[in-house]
Number of protein chains: 2
Amino acid sequence: MTRAKKHRATIGDVSALADVSRATVSRVMNGSPTVDAVIADRVRKAAAELQYRPSNLARSLSLGRTGTVAVSVPDLRNPMLHTVLQGISASAAHDGYHLLVSIAGDDVSQEERHFLDARQRCDGLILVNPRGPEDELRSALLQLSPAVVINRDTTDLPAPTLSVNHERGIALLIEHLKELGHRHLAYVTGPPTAVSDLPRKRAIARALAADSRLEIQTVSGGRDVFDGREAAEEVLRTRATGVLVFNDLVAVGLLSKLRELGISVPDQLSVAGFDDIDLAHCAYPSLTTVKVAHYELGCRAWRELAVLLEHPDSASEAFHSFDADLVRRCSTGPAPEIPR
Amino acid sequence: MTRAKKHRATIGDVSALADVSRATVSRVMNGSPTVDAVIADRVRKAAAELQYRPSNLARSLSLGRTGTVAVSVPDLRNPMLHTVLQGISASAAHDGYHLLVSIAGDDVSQEERHFLDARQRCDGLILVNPRGPEDELRSALLQLSPAVVINRDTTDLPAPTLSVNHERGIALLIEHLKELGHRHLAYVTGPPTAVSDLPRKRAIARALAADSRLEIQTVSGGRDVFDGREAAEEVLRTRATGVLVFNDLVAVGLLSKLRELGISVPDQLSVAGFDDIDLAHCAYPSLTTVKVAHYELGCRAWRELAVLLEHPDSASEAFHSFDADLVRRCSTGPAPEIPR
DNA sequence: TTGAAAGCGGTACCAG
DNA sequence: CTGGTACCGCTTTCAA
């Protein structure tokens, strides 16, 4: 034993052991075909003996690329995100990129810093459901490029933007409930920071404007099942006969609390969610919702980022919208003759 | 405008603009107090003008640390993971570390390579629910250090190991059902790759050995709600009066399918889950399960990693076990007098 | 207090 | 086909 050096072997150690130049070691490690077989073998042997692993850091610095992209998400609780992530992940893997997920957390004021942090370690960034004001986002994006944004329904961000068409999704749901005879609805919102509440509310405003017999009251909700449970009593106080919920997760919570309160769904109250997560199917009663092609959205987001990665200056500002389709299940039914 | 240089400004650009050395710029950027206020200001101005952001890559290479750790998880669907992640994340943030989540995906044969990939970009790695054979894991860990393992109930891995005491959790559940008069149970497994099935099965074997009147049959399940739904019919075929399920998510799926099949829970069949996720509370009927201090587990895992980060050679091999406590809800009840 | 220069661990161009 | 060498962008002695 010469030395119990604790630090990992570097390319220099290998080149010394194999008695070749570092350049040659580099070639061998990267599978360059222009290396003599005998020498290559010698190098590989030395590398193995030293348990040599090229430093990604040094490699990235030299190459000018990391082969990694980050996805920033506010929170992992919403299963709809997983589907988007799977889409991104599969496409990225296909193109030889490694995906890293970064959780932004609740503090919106720290979000911009968080984006930068994540972006600094990668070649690109995908922002999923970014919160915070639009002008801040816009200026942040300048430093973040290449980046792509998911779920921000603005067409003029300085980055490719893909978004679920929340407005149309909610419109479909309202339409559905109206056809069932409902006139008085409630809307359970997302968390205060959720920007996707805006298009939803826009859909509500439009529906209200188009039909004077319609009434829709807003109840503040949140992002997880407990938020849904907590909204139950206030929903009941509105005396609405149908309720639209921010997303399926919250809706599942609402459903559970309604059951405890002895409210029969959909006989006394109809409930509709958003996203069509797996759980929507398992809820009791199974949840009427709208389905979105989240996986495809993820794939498409990757695609947009990929072109930016190749062509860093192709000032792409595409906007893609993903429609939601009604999935009618058992949590909605005809409006009760005599509202509670 | 001198040049429309597309590339980001480097420390050299700033030093040139401010007419100081790069060393000084570095000092200013890192808040060294030994810099003349006037000069420091000049540097800051130049940096701002150039929109200079130090390259994390170069910085990390020079410093020998990235300030980042990765957490590798097999899949994000299980909400229990989120709680663990929150624990890790909060603790890591507190110590000034950035957390990156890496999703291993279904292909277990790629898992080792995945670990290395993730580890290479960070200062440390936390493996949550690693699959694959123990000897492979053991040898992988040698290259991965510093790393810590979560949920592998082996005491002699070459890395700190923290694990939920699955064996005892299942034992509690069996005990609970026995007290309710159940003699014939079924166990719905996790996915074939899930190593935590082993201690669970061990608990079952012990219970069987200790009580000859007890019978427990195994049904293959999986990791998500649909796997639970699919297991329903086979569960019924066992004619068991009580069923233990791999985890709450699968149990929720099972519950939903049982309802569709007209089986009344717990009157005809008792169901118990594992983990006590939020959803367990919202299921119908609400799910009896065992609760684990997942958040604390996450915090503790970080702690272990943190000491390794400081003291790279403190060959820590601690093993910490986290007990599960019974949470009795509505999905379990007395064994039916006359089994179906 | 500031600057020059030597790394950190690789890659890649240019001779030979 | 191989080796020498100049970077990649930043930090950190060591002198001045």
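Proteins get letters first, then strands, A, B, ... in listed order; numbering begins at 1 in each. Any value given below was found using the heavy atoms of this structure, including those in side chains, with hydrogens, waters and symmetry copies removed.
Each end of the helix from dT1(C)-dA16(D) to dG16(C)-dC1(D) gets its own rotation axis from five pairs of C1' atoms, and the angle between them is 40° to the nearest 10 degrees.
In the displayed structure, Arg303(A) atom CZ is contacted under 6.0 Å by at most 12 heavy atoms of other residues, nucleotides or ligands. Other residues, nucleotides and ligands contribute only 12 or fewer heavy atoms inside 6.0 Å of the CZ atom of Arg113(B).
Whole-Å rounding puts the Asp41(B) CG to dT1(C) P distance at 16 Å.
Residues forming a side chain to side chain donor-acceptor pair (under 3.5 Å) with Asp107(B) (at least two apart in sequence, or on another chain): Ser109(B). For Tyr97(A), the ring pair (Phe, Tyr, Trp, His ring centres under 6.0 Å) partners are Trp302(A), not counting sequence neighbours.
Counting only residues at least two apart or on different chains, no salt bridge (charged side-chain N to carboxylate O under 4.0 Å, His left out) pair has a member in residues 49-71 of chain B.
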For residues 10-18 of chain B, dump all side-chain donor-acceptor pairs below 3.5 Å to protein atoms at least two apart in sequence or in another chain.
{"residue": "Thr10(B)", "atom": "OG1", "partner": "Gly12(B)", "partner atom": "N", "Å": "3.1"}
{"residue": "Asp13(B)", "atom": "OD2", "partner": "Thr10(B)", "partner atom": "N", "Å": "2.9"}
{"residue": "Ser15(B)", "atom": "OG", "partner": "Gly12(B)", "partner atom": "O", "Å": "2.9"}

**Message:** Can you build the contact string for nucleotides 8-16 of chain D? Use B for base contact, S for sugar-phosphate-only contact, and - for no protein heavy atom under 4.0 Å.
**Reply:** BBBBBB---
**Request:** Show your reasoning for whether ring pair (Phe, Tyr, Trp, His ring centres under 6.0 Å) applies to His82(B) and His294(B).
**Result:** CA-CA 9 Å; His82(B) 306 172; His294(B) 288 123; over 10 Å; no
**Message:** If you apply the rule salt bridge (charged side-chain N to carboxylate O under 4.0 Å, His left out), what do you find for Asp41(B) with Arg44(B), and how did you get there?
**Reply:** CA-CA 5 Å; Asp41(B) 242 43; Arg44(B) 266 188 287 271; 3.7 Å; yes
